[in-house]
Amino acid sequence: MRCISPLAKRAAAHKLRALFPAMYRTKTCNDLRKDHIGQTVTLCGWVNSRRDHGGVIFIDLRDRDGLTQVVFRPEEHPQVSEASHALRSEDVIQIVGQVCARLEGSGNAKLATGDIEVIASKLRVLNKAEVPPFPLDDPKVNEDLRLEYRYLDLRTAPMLRNLRMRHRIVKTTRDYLDERGFLEIETPVLSNPTPEGARDFLVPSRLNPGTFYALPQAPQQYKQLLQVAGLEKYFQIARCFRDEDLRADRQPEFTQIDVEASFIDDVEIQTLIEGLLVRIFREAKGVEIPAPFPRMTYADAMNRYGSDKPDTRFGLELVDVADVFRDSQFKVFRTILDGGGVLKAINAKGAAAHLSKEQLKKWEEWVKTEFGAKGLAYIKWSVGGEWESPIVKFFSDAEKAALAERMGFVEGDVLFFGADKLEPACEVLGRVRLRCADLLGLVDDTKLNFLWVVDFPLLAFSPEEQKHVAVHHPFTRPNADDVALLEAGEYRKVRAVAYDVVLNGVELGGGSIRIHERALQAKIFEVLGVGPEEQEVKFGHLLKAFSFGAPPHGGIALGLDRLVMLIAGASSIREVIAFPKNNRGVDLMTHSPVEVDFKQLREVYIQSTAKKG
RNA sequence: GGAGCCUUAGCUCAAUUGGUUAGAGCGCUGCCCUGUCACGGCAGAGGUUGCGGGUUCGAGUCCCGUAGGCUCCGCCA
């Protein structure tokens, strides 16, 4: 290597300085229009593409704002043009040049800057680039490759657009809540494990051997304690952590728009959130969504749509046909009905042409293996054909007539039945409903169907644990009208003051009015099987706080990632997170999580029991 | 914990019923080209068909195992 003296280096640097203006750039690649013709500008960016004609060379220069065509003309700037032959995709360059009108008829209507071009008089290569491992503008490239080189993937227009949109949504949220007197307050990331709900991520404490923090699943207790603290209106763009298996719309760390307020009822919170969503959709997507949103009770949602987050963009509702078969000779239906179960059906209009007998068999297999259903009864009525079904032979003529009448069953349709206890019957049929809608193309992508699902049950019985568990969380307020039921031990009939906001069949968020009285909270813990001692150990601080004048309060949390995903029209939550993890919780770029050496573990008093493959 | 689908050149894919030397487009390299914008032309390089084993005269193709990716069920308030 040649040794260059520091003096010579400085001289060279000065020379470069003299060659280029002090600023890296005077314009971005989306700034220049006809008005700028004649100006001398400096641009920086990446070589998006080059078109080398041997003589004249065109470069599309890209920065995060857009593309500008740069022209290297040998007859005007021979040295610079010569150097430009070496430019390759993704090289980072700086050019100085004059803004010129494009030659007659050579404008590019696809580019915002397509009326002009910059004739380069100076070129500085700021950094050469290796050949990219995949074409940046190809949407078909495998996602794992994009995730490994996420910093390249994020250079593409769709990803930039998503991140901008996410920023806009967060900014709008802060503005909106600030205007209404909400204070953004940070809560600890190192906090306590929670006995209820999802698995915690644990963090060992070096200073307190053998003890652990947990990363928060949500800032639930802190947001309530801030109400006891008299802050009255709190919000936070809060990172949350749950160590559970992942899905296309679930990451181990995700972000919630977390809101809590005092002296507020459920309708007020819903109205606040409707206003927020209206504003977000206006500013991020440019659409006006109507508010207030429709309300639907949990019972209605289950009975009509087989889901607690119904997609109401299409009908295909569940219909109760129990009375038709009340006295049926068909034992399967009869046994379930006599045992207090329900019998429901949906009519997939026109589905007969789409579903062969083999496919119907596969659907039955699907509900059995995926959802543990006992079966999926169906009747297919092909155009010009008979009722095809393994079960119609058990139906009387009167039952058949009544069924067809009730369901509007005509040639070309397929009926599906759900027969079981209420919730499993509805849920399975709800899944079949979604699949039918997909099959029949019933989903209108342009619709934005918001709704509130309200009156959730407070408690559900867990067969695994053989006890009652909180449907929402243990701090949820029971409906005042149902307190007598609570006292009487009719736990499953007690409704909660809890609400979910749903968009197109996706749960955007949920919240509740909380319990603020120590005695009522203790009563709920008792029902949940949390004894006085356990209450004291795990929730003592909260119960103590409630004894010092806790105001009535409630709140909600919205899943920011899902919201951005829906607004951006992305199919996966990973498309709206800068550096997401894959479905095994691995960051393919950094390879996180990684093994740590023995010494690092010893410092925090941890010994791994993992068996090495 | 379970189910399904996928893995062939840098990328996206093809390869008939198991049959010759595994192909194409894009990208890349070199040369040519002065108005392109998916520039064009000519030439070239590039392969352990994820990995391991088996069946077979013969395996990208069939079987078993395994790794990785995606989707879903359970799980996730």
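Lettering follows sequence order; numbering is per chain, from 1. Heavy-atom basis, side chains included; hydrogens, waters and symmetry copies ignored. Here the structure is a predicted model, which means the values were calculated and not measured.
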Item to check | Rounded P spacing from rU36(B) to rC72(B) in Å | outcome: 47 Å

Item to check | Identified pairing partner of rU61(B), criterion: Watson-Crick or G-U wobble below 3.5 Å | outcome: none

Item to check | Watson-Crick/G-U partner (both atom distances under 3.5 Å) of rC31(B) | outcome: rG41(B)

Item to check | G-U wobble or Watson-Crick pairing nucleotide for rU66(B) (cut-off 3.5 Å, both distances) | outcome: rG50(B)

Checklist entry - Should the pair F525(A) and F539(A) be assigned to parallel (<30°), tilted (30 to 60°) or perpendicular (>60°) ring geometry? => result parallel

Checklist entry - For rU71(B), which nucleotide in any strand shown is its Watson-Crick or wobble partner with both distances under 3.5 Å? => result rA3(B)

Checklist entry - Okay, side chain of R433(A), backbone of L316(A): is any donor-acceptor separation there less than 3.5 Å? => result yes

Checklist entry - In B/S/- notation, 5' to 3', how is nucleotides 70-77 of chain B contacted by protein heavy atoms closer than 4.0 Å? => result BBSBBBBB

Checklist entry - Counting only Watson-Crick or G-U wobble pairs whose two distances fall under 3.5 Å, which nucleotide matches rU55(B)? => result none

Taking N or O atoms only and anything under 3.5 Å, show me the protein contacts with nucleotides 42-46 of chain B, one pair per line.
none

Next on the checklist: Give me the distance, rounded to whole Å, that separates rA45(B) from rA9(B) when you measure between the C1' atoms they each carry.
Outcome noted: 11 Å

Checklist entry - On a whole-Å scale, what distance lies between the C1' atoms belonging to rA22(B) and rA38(B)? => result 28 Å

Could you go through nucleotides 25-30 of chain B and list every protein N or O atom that sits under 3.5 Å from one of its N or O atoms, giving the distance for each pair?
unit_1	atom_1	unit_2	atom_2	d
rU29(B)	OP1	R88(A)	NE	3.3

Checklist outcome for this item: When rounded to whole Å, the CG to C1' distance for the pair L136(A) and rG10(B) reads 13 Å

Item to check | rC11(B): pairing nucleotide in any strand, Watson-Crick or G-U under 3.5 angstrom | outcome: rG25(B)

Checklist entry - With both distances under 3.5 Å as the test, what is the Watson-Crick or G-U wobble partner of rU20(B)? => result none

Item to check | Rounded distance in Å between the C1' positions of rA14(B) and rG47(B) | outcome: 15 Å

Item to check | Partners passing salt bridge (charged side-chain N to carboxylate O under 4.0 Å, His left out) against E130(A) (at least two apart in sequence or in another chain) | outcome: none

N/O contacts under 3.5 Å, protein versus nucleotides 33-38 of chain B?
unit_1	atom_1	unit_2	atom_2	d
rC33(B)	N1	H53(A)	O	3.4
rC33(B)	N3	D52(A)	O	3.1
rC33(B)	N3	G54(A)	N	3.2
rC33(B)	N4	G54(A)	N	3.3
rU34(B)	O4'	V56(A)	N	3.4
rU34(B)	N3	E75(A)	OE1	3.2
rG35(B)	O6	R73(A)	NE	2.9
rG35(B)	O6	R73(A)	NH1	2.9
rG35(B)	O6	R73(A)	NH2	2.8
rG35(B)	N1	E117(A)	OE2	2.9
rG35(B)	N2	E117(A)	OE1	2.4
rG35(B)	N2	E117(A)	OE2	2.9
rU36(B)	O4'	H53(A)	NE2	3.2
rU36(B)	O2	R51(A)	NE	2.5
rU36(B)	O2	R51(A)	NH2	3.2
rU36(B)	O2	Q69(A)	OE1	3.4
rU36(B)	N3	Q69(A)	OE1	2.9
rU36(B)	N3	Q69(A)	NE2	3.0
rU36(B)	O4	Q69(A)	NE2	2.8
rU36(B)	O4	R102(A)	NH1	3.4
rC37(B)	O4'	R51(A)	NE	3.0
rC37(B)	O2	Q69(A)	OE1	3.3
rC37(B)	O2	N108(A)	ND2	3.0
rC37(B)	N3	R102(A)	NH1	2.8
rC37(B)	N4	R102(A)	NH1	3.4
rC37(B)	N4	S106(A)	O	2.2
rA38(B)	OP2	K110(A)	NZ	2.7

Checklist entry - Whole Å only: how far is the CZ atom of R146(A) from the C1' atom of rG69(B)? => result 13 Å

Checklist entry - What interatomic distance, in whole Å, is found between P of rA3(B) and the corresponding atom of rG74(B)? => result 15 Å

Checklist outcome for this item: Sorted by chain and number, sequence neighbours left out, side-chain contact (heavy atoms from CB on, under 4.5 Å) with R33(A) holds for N30(A), H36(A), A112(A), T113(A)

Checklist entry - Is any side-chain nitrogen or oxygen of N142(A) closer than 4.0 Å to OP1 or OP2 of rC11(B)? => result no

Checklist entry - How about H541(A) and Q221(A): does a side-chain donor come under 3.5 Å of a side-chain acceptor? => result yes

Item to check | Any residue meeting side-chain contact (heavy atoms from CB on, under 4.5 Å) with P158(A), in chain and number order, not counting sequence neighbours | outcome: T156(A)

Next on the checklist: Both distances below 3.5 Å, Watson-Crick or wobble geometry, any strand: find the nucleotide opposite rA77(B).
Outcome noted: none

Next on the checklist: Work out how far the C1' atom of rG35(B) is from that of rG30(B), and round it to whole angstrom.
Outcome noted: 24 Å

Item to check | Pairwise C1' distance, rA15(B) and rG25(B) [rounded to whole Å] | outcome: 15 Å

Checklist entry - Aromatic ring centroids of W363(A) and F416(A) under 6.0 Å? => result yes

Checklist outcome for this item: The side chain to side chain contact (heavy atoms under 4.5 Å, CB included) partner of L560(A) among I577(A), D258(A), I257(A) is I257(A)

Checklist entry - Who pairs with K374(A) by salt bridge (charged side-chain N to carboxylate O under 4.0 Å, His left out), at least two apart in sequence or on another chain? => result D420(A)

Item to check | Pairs touching residues 55-74 of chain A that satisfy ring pair (Phe, Tyr, Trp, His ring centres under 6.0 Å), sequence neighbours left out | outcome: H53(A)-F58(A)

Item to check | Residues in salt bridge (charged side-chain N to carboxylate O under 4.0 Å, His left out) contact with D482(A), at least two apart in sequence or another chain | outcome: R495(A)

Checklist entry - Quantified in whole Å, what is the P atom distance between nucleotide rG53(B) and nucleotide rU17(B)? => result 29 Å

Item to check | Any donor-acceptor N or O pair under 3.5 Å, side chains R514(A), H473(A) | outcome: yes

Next on the checklist: Can you list everything that forms a side-chain contact (heavy atoms from CB on, under 4.5 Å) with P193(A)? Sequence neighbours excluded, please.
Outcome noted: D200(A), L202(A), A214(A)

Next on the checklist: Using the side-chain contact (heavy atoms from CB on, under 4.5 Å) criterion, which residues pair with E82(A)? Sequence neighbours excluded.
Outcome noted: H85(A)

Next on the checklist: Using a 4.0 Å heavy-atom cut-off, does L145(A) contact any base of the nucleic acid, only the sugar-phosphate backbone, or nothing at all?
Outcome noted: sugar-phosphate

Next on the checklist: With a 4.0 Å cut-off on N to O distance, would you call R562(A) and E507(A) a salt bridge?
Outcome noted: no

